[in-house]
Number of protein chains: 2
Amino acid sequence: MNLHQLRIFYTVAQLGSMTAAAKQLYISQPAVTKQVHLLEENYGVTLVERSGRGIKLTALGKAVYQQAGKLFDQARTIERLLQSSHAPVRIGGTQITISRLIAADVAGPGIRYQAQNTQQTVALMKAQQLDFAILPFRAAVSGFDCLLLTQDQWVFVAAPQQVPADLTLAALLNQTLIVREPGSETRVVLGQTIGATVFSDAIETNSPLDAIRLAENGQGIYFTARSSVQALLDNGKLALVTLRDYQPTARPLYLYVSAGVPRALGEKMKQRLIAVFATSN
Amino acid sequence: MNLHQLRIFYTVAQLGSMTAAAKQLYISQPAVTKQVHLLEENYGVTLVERSGRGIKLTALGKAVYQQAGKLFDQARTIERLLQSSHAPVRIGGTQITISRLIAADVAGPGIRYQAQNTQQTVALMKAQQLDFAILPFRAAVSGFDCLLLTQDQWVFVAAPQQVPADLTLAALLNQTLIVREPGSETRVVLGQTIGATVFSDAIETNSPLDAIRLAENGQGIYFTARSSVQALLDNGKLALVTLRDYQPTARPLYLYVSAGVPRALGEKMKQRLIAVFATSN
DNA sequence: GGACATTACGCCATCCGTAACTATC
DNA sequence: GATAGTTACGGATGGCGTAATGTCC
């Protein structure tokens with residue numbers, strides 16, 4: 001009995017699609033197909049049948065799906081037992097990342113957030129004041145494992161009507177910019193990108209959500225991580241501002257996990273964080 | 001959640017011993033220790049404590065043990081579903097091996113035994129009349145996987161009072177032998193070992209159990225696979241007959257699994273067969 | 001000293017992702 | 001042609017066994 005294969009099949013059954021299951025499980029779609037078929041081969045049965053472009057459960061597949069639900073309920077009971085005695089989990093990162101976590105309601109029992117700038121966050125890590133940290137660069141901090149959480153892009157956005165044509169980086173300074181407070185990651189990267197440190201004629205706010213709202217209302221051009229505005233780009237409330245001499249820069253996010261964190265907890269938190277930063281919301 | 005680790009812990013908890021769990025699971029003892037400790041590390045908890053030479057469950061360990069029982073019950077329910085639609089499993093082998101299986105009551109729903117001599121068994125395999133076969137040699141039969149089931153020894157045994165001193169193979173023919181019917185594996189190997197084909201003055205039976213009983217009653221010397229009489233050797237009802245010019249010969253048993261057999265079923269059957277032939281009963 | 005548990009190391013199986021392919025609409 | 005599923009291959013991880021070591025009676 002392979003719980004891993006069963007969980008993949010269960011997700012496929014629940015969503016009625018291999019592709020959807022792959023997305024939800026954050027694995028590739030061929031991996032899902034493979035495991036489902038292996039489960040079938042192991043027992044010499046058919047659980048899923050191709051139906052046109054999609055799939056369909058067999059009668060046995062439906063029965064197994066139903067019973068598997070009970071199994072995972074019991075598995076959760078055991079996991080709760082095993083995780084019952086944990087101190088609050090402390091997550092640190094820059095304001096823009098932490099605000100995403102709070103917005104996505106990643107707030108199980110006993111999670112504490114520490115929004116700081118990057119230097120302060122690293123200092124907290126070294127002082128062993130954090131269990132997890134999210135930073136936009138890879139650094140060696142002793143006692144922490146570092147892994148790539150997501151790959152984002154730095155982009156310029158504005159309300160669709162406000163997007164100037166044929167712009168360059170240098171010309172940006174003549175436009176109204178929406179900028180964040182000095183010391184914030186967003187402001188620092190913007191400064192490096194444009195090659196400027198002073199932003200006269202800019203609207204300044206220390207709230208990412210306010211900044212987005214200002215851009216949406218046509219108040220100016222905002223420089224931000226693409227995923228934080230992807231939903232607005234999708235529904236047309238915001239548009240990308242393309243520059244002749246600028247290609248969107250990669251903006252990785254790295255998750256740092258303290259060595260003191262039990263592995264299962266780290267894995268669970270990692271999955272939740274990947275889910276938050278992978279969704280375009 | 002790792003079902004494998006949980007099952008190992010569950011067995012340890014049930015038996016109260018790492019070593020006993022290793023034996024029951026047919027894995028090495030370090031592997032058990034490793035998995036139990038990994039389970040603990042994964043969740044940052046303690047489930048098992050060393051207590052003198054043995055171990056002791058913590059309160060959490062007891063709770064997890066209890067809940068794990070329910071989980072495995074549900075897992076069994078699902079396995080039954082997945083295995084519900086199987087044709088009867090057909091197992092073939094020589095009489096001495098099949099009789100061990102029957103004696104050990106390996107007879108789940110729909111198992112059919114085919115006791116034949118080795119040539120007939122191979123013929124049945126080629127005719128696709130068998131799902132599993134047990135043979136004392138390794139042979140390439142297309143459509144079958146072959147794996148070593150156990151390593152046994154061919155030995156001479158007799159009632160303790162009847163064991164002659166300073167015997168040789170040649171001198172055996174002057175002793176009363178208990179032999180099995182012509183064509184049986186036991187008889188063939190005995191012939192090869194002694195270098196004789198005719199056994200005058202021998203007691204002949206076609207029942208392994210009768211043969212053992214005859215030896216136990218002091219009727220003569222019996223040549224057999226050691227594991228079939230290990231229990232009697234242990235409690236002194238029988239004794240090994242040592243010969244100056246004979247070292248016990250290895251008697252391997254190979255399990256043949258048809259390629260048509262679903263993997264989980266093959267695995268399960270393999271475990272059951274290993275259990276039968278590993279025990280000295 | 002013996003029984004049991006732990007640690008270290010090398011090997012094999014499993015599972016993933018990428019890429020190329022097939023089938024249905 | 002686009003979307004969903006399948007097949008093939010190379011690389012990382014996990015779990016095993018063997019062997020050596022530690023620890024308690």
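All figures in this text were calculated on a predicted structure; none of them were measured in a lab. Any value given below was found using the heavy atoms of this structure, including those in side chains, with hydrogens, waters and symmetry copies removed. Reminder, nothing fancy here: chain letters follow the sequence lines and each chain counts from 1.
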#### Entry: Gap between atom CZ of A:Arg76 and atom CD of B:Gln67 - 0.5 Å precision
13.5 Å
### Span of DNA chain C in contact with chain B (heavy atoms, under 4.0 Å)
C:dG2 to C:dT14
### Query
Which part of the nucleic acid does A:Gln29 contact within heavy-atom distance under 4.0 Å: base, sugar-phosphate only, or nothing?
base
### Message
Please find the pair of heavy atoms, one from B:Phe72 and one from B:Leu6, that lie closest to each other, and give the distance.
### Response
CZ-C, 3.9 Å
#### Entry: B:Asp131 side-chain N/O to B:Val261 backbone N/O, donor-acceptor pair under 3.5 Å
no
### Message
Apply side chain to side chain contact (heavy atoms under 4.5 Å, CB included) to residues A:Thr46 and A:Leu60 and explain how you reach the verdict.
### Response
CA-CA 8 Å; A:Thr46 304; A:Leu60 179 61; over 6 Å; no
### Task
Give A:Thr33 one of three labels, base, sugar-phosphate or nothing, depending on what nucleic acid heavy atoms sit under 4.0 Å from its own.
base
### Query
Considering heavy-atom distances to DNA chain D, does A:Ala31 or A:Arg53 have its closest nucleotide positioned more toward the 5' end?
A:Arg53
### Query
Are any side-chain N or O atoms of A:Ser258 and backbone N or O atoms of A:Phe144, one a donor and one an acceptor, separated by less than 3.5 Å?
no
### Query
NA contact type, B:Arg7, heavy-atom cut-off 4.0 Å: base, sugar-phosphate, or nothing?
nothing
### Query
Can we call the ring centroids of B:Tyr256 and B:Phe132 under 6.0 Å apart?
no
### Message
If you assign B:Pro30 and A:Gly52 each to the DNA chain C nucleotide with the nearest heavy atom, which residue ends up on the more 5' nucleotide?
### Response
B:Pro30
### Query
Is the backbone of B:Lys56 close enough, under 3.5 Å, to the side chain of B:Glu49 for a donor and an acceptor to pair up by distance?
no
#### Entry: Considering all heavy atoms, the nearest A:Pro262-B:Gly44 contact
CB-N, 3.4 Å
#### Entry: 5' to 3' contact window, DNA chain D with chain B (heavy-atom distance under 4.0 Å)
D:dG15 to D:dC25
### Message
Here's a test of your reading of the structure: between A:Ala20 and A:Lys34, which maps to the more 5' nucleotide of DNA chain D?
### Response
A:Ala20
### Summary
Assign each of A:Arg50 and A:Gln5 the nucleotide of DNA chain C bearing its closest heavy atom; nearer the 5' end lies the nucleotide of A:Gln5
